[in-house]
Number of protein chains: 2
Amino acid sequence: MRADARRNREKVLVAARELFARDGEGVQIEEIANHAGVGIGTVYRHFPTKGALLTEMVRTRFQRFTEIALAAEEIEDPYEAVATLFTESAIAVEGDAGFQLAMMGVEDLEWEGIEQEKAAFAAPASRIIERAVKAGAVRPDMSVDDIPMLMCGITSTMYFGPGGGEWRRHLDLILSGLRPN
Amino acid sequence: MRADARRNREKVLVAARELFARDGEGVQIEEIANHAGVGIGTVYRHFPTKGALLTEMVRTRFQRFTEIALAAEEIEDPYEAVATLFTESAIAVEGDAGFQLAMMGVEDLEWEGIEQEKAAFAAPASRIIERAVKAGAVRPDMSVDDIPMLMCGITSTMYFGPGGGEWRRHLDLILSGLRPN
DNA sequence: TACTATACGGAAACACGATTCCGTTTGTCA
DNA sequence: TGACAAACGGAATCGTGTTTCCGTATAGTA
């Protein structure tokens, strides 16, 4: 690949990241191109469709979750590990409207492309939850399948709520609801 | 207003209700018209824009919340009143994807049109929360402003979650998180 | 029944954004 | 320094869905 091509690809990615974070799926290709300082054609040279470009954004963000889960697994206290998993994940999503919408499932992105990332996250996350359940630190019926649901709720509060950190209260309620009985 | 006009207006409303519930903001005017058995022009005769029609849908649904709040206020037990308020509201939204999206704030509807309905709901809802707080049945820091946030979370679970009633678990967690300390 | 204000239907005009296409420019290599 | 494949820019094209417009049909009334 030619040097300028690699450079432009990177510029497109950076611009897309910023604008997708601000506007979600609503970003226009032309705007991304302008912001990156390249032509529309160049965007299409690197990504076959708008969806492919945005899926790329989501994939990157998702990988961050896996890092967080891996780090949380190292925490001694089983409950703290769970709390950290949720809290850090929420923080990672804060300020990225596009990803928030993606988490909520309202953007029609090609989630197919990120199965692999999902699995990579599910493994450590499962271990964290299982450990907490065994230790009696959370409800006995909690499972890894609750994570998308709960994150979805927190995320939507984040997206919907006026500016501030209202989502922290929501998270707080959920964490307290997760304690046994 | 001529009799046929009134009849058609009603047919449009019914069709719009059904299709908005199924597809959200994505419904097409032509589809609504076909479903109602009228022409596109007739839809526009009764509602100046698509947004005006959909706002009408949301307004109707919202009024249902007020009825629920008013009924919940009659419940003796202060905690039960809160729990009922949330549970019944959630049930009212179940199965209406359009309204779910509206609650989550992702449809760009003209919410201005429903300020009045909002206020009508806030009054009884406030009384319910205040009573529960005074009775020590919920966290002392709970307020009526938590309702949109929490409903938003529940609603998004409903929309996002695969079919079933997963949202009941989310609601369950939230209600248990709302208990004092 | 004849008249007229209303209302109707749906083809056409519009709006808007994704994607294509091709003439031009640029990086790379001999 | 050519030569040429790779990459670029952005006008033009296409697709899709909303809204307008106007000739036709109908309810209501004398």
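The figures that follow rest on heavy atoms only: side chains count, while hydrogens, waters and symmetry mates do not. Labels below follow one simple rule: chain letters A, B, ... track the order of the sequence lines, proteins then strands, and each chain is numbered from 1. Here the structure is a predicted model, which means the values were calculated and not measured.
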Grouping I, L, V, M, F, W and Y whenever their side-chain heavy atoms are under 4.5 Å apart, do B:I154 and B:Y79 come out in a common cluster?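 Hydrophobic grouping puts B:I154 with B:Y79.
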Can you check whether [X] has a side-chain N or O nearer than 4.0 Å to OP1 or OP2 of [N]?
X	N	answer
B:R45	C:dT6	no
B:T42	C:dG9	yes
A:H46	D:dC8	yes
A:N8	D:dA7	no
B:R2	D:dT26	no

Rounded to the Å, how far apart are [X] [atom1] and [N] [atom2]?
X	N	atom1	atom2	value
A:L19	C:dA18	CG	P	12 Å
A:H35	D:dG10	NE2	P	17 Å
B:K50	D:dT20	NZ	P	14 Å
B:E31	C:dG10	CD	P	16 Å
B:Y44	C:dC14	OH	P	16 Å
A:N34	D:dC8	CG	C1'	15 Å
B:L54	D:dG17	CG	P	15 Å
A:E30	D:dC8	CD	P	17 Å

From [options], pick the nucleotide closest to the side chain of [X]?
X	options	result
A:A5	D:dG28, D:dA7, D:dA11	D:dA7
A:I40	D:dT19, C:dT19, C:dT28	C:dT19
B:I29	D:dA27, D:dA11, D:dT18	D:dT18
A:D4	C:dG9, D:dT18, D:dC8	D:dC8

Whether A:R139 side chain and A:G177 backbone form a donor-acceptor pair below 3.5 Å: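 Such a contact is found between A:R139 side chain and A:G177 backbone.
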Donor-acceptor pair, distance only, cut-off 3.5 Å: does the side chain of A:K11 make one with the backbone of A:A33?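 Between the backbone of A:A33 and the side chain of A:K11 there is no qualifying donor-acceptor contact (under 3.5 Å).
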What does B:V27 touch in the nucleic acid at a heavy-atom separation under 4.0 angstrom: a base, only the sugar-phosphate, or nothing?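 Counting heavy atoms under 4.0 Å across all strands, the contact made by B:V27 is with sugar-phosphate only.
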For residues 145-155 of chain B, which residue pairs qualify under side chain to side chain donor-acceptor pair (under 3.5 Å), counting only residues two or more places apart or in two chains? A:R169-B:D146
Report the residue (A:T49 or B:R9) whose heavy-atom-nearest nucleotide on DNA chain C is the more 5′ of the two.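 Checking each residue's closest nucleotide, the 5'-ward one belongs to B:R9.
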By nearest nucleotide on DNA chain C, pick out whichever of A:G41 and A:G26 is the more 5' one.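 The residue whose closest nucleotide sits nearer the 5' end is A:G26.
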B:F65 vs B:F99, test: ring-ring contact (aromatic ring centres under 6.0 Å, His included). Steps then yes/no. CA-CA 12 Å; B:F65 283 165; B:F99 192 53; 5.6 Å; yes
Between A:L13 and A:M57, is the side-chain contact (heavy atoms from CB on, under 4.5 Å) condition met? List the steps. CA-CA 8 Å; A:L13 241 15; A:M57 309 285 94; 3.6 Å; yes
Identify which one of A:R61, A:R17, A:R64, A:R22 satisfies the salt bridge (charged side-chain N to carboxylate O under 4.0 Å, His left out) criterion when paired with A:D96. A:R61
Within a 6.0 Å radius of atom CD on B:E30, are there more than 12 heavy atoms belonging to other residues, nucleotides or ligands?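 Incorrect, the count does not exceed 12.
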Start at the 5' end of DNA chain D and walk down; is the nucleotide closest to B:E25 or to B:M1 reached first?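 Here B:E25 is the residue nearer the 5' end.
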Return whichever of A:G37 or B:P48 has its heavy-atom-nearest nucleotide of DNA chain D closer to the 5' end. A:G37
Terminal axis angle for the helix from C:dT1-D:dA30 to C:dA30-D:dT1, five pairs an end, nearest 10 degrees: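 One end's axis against the other's: 0°.
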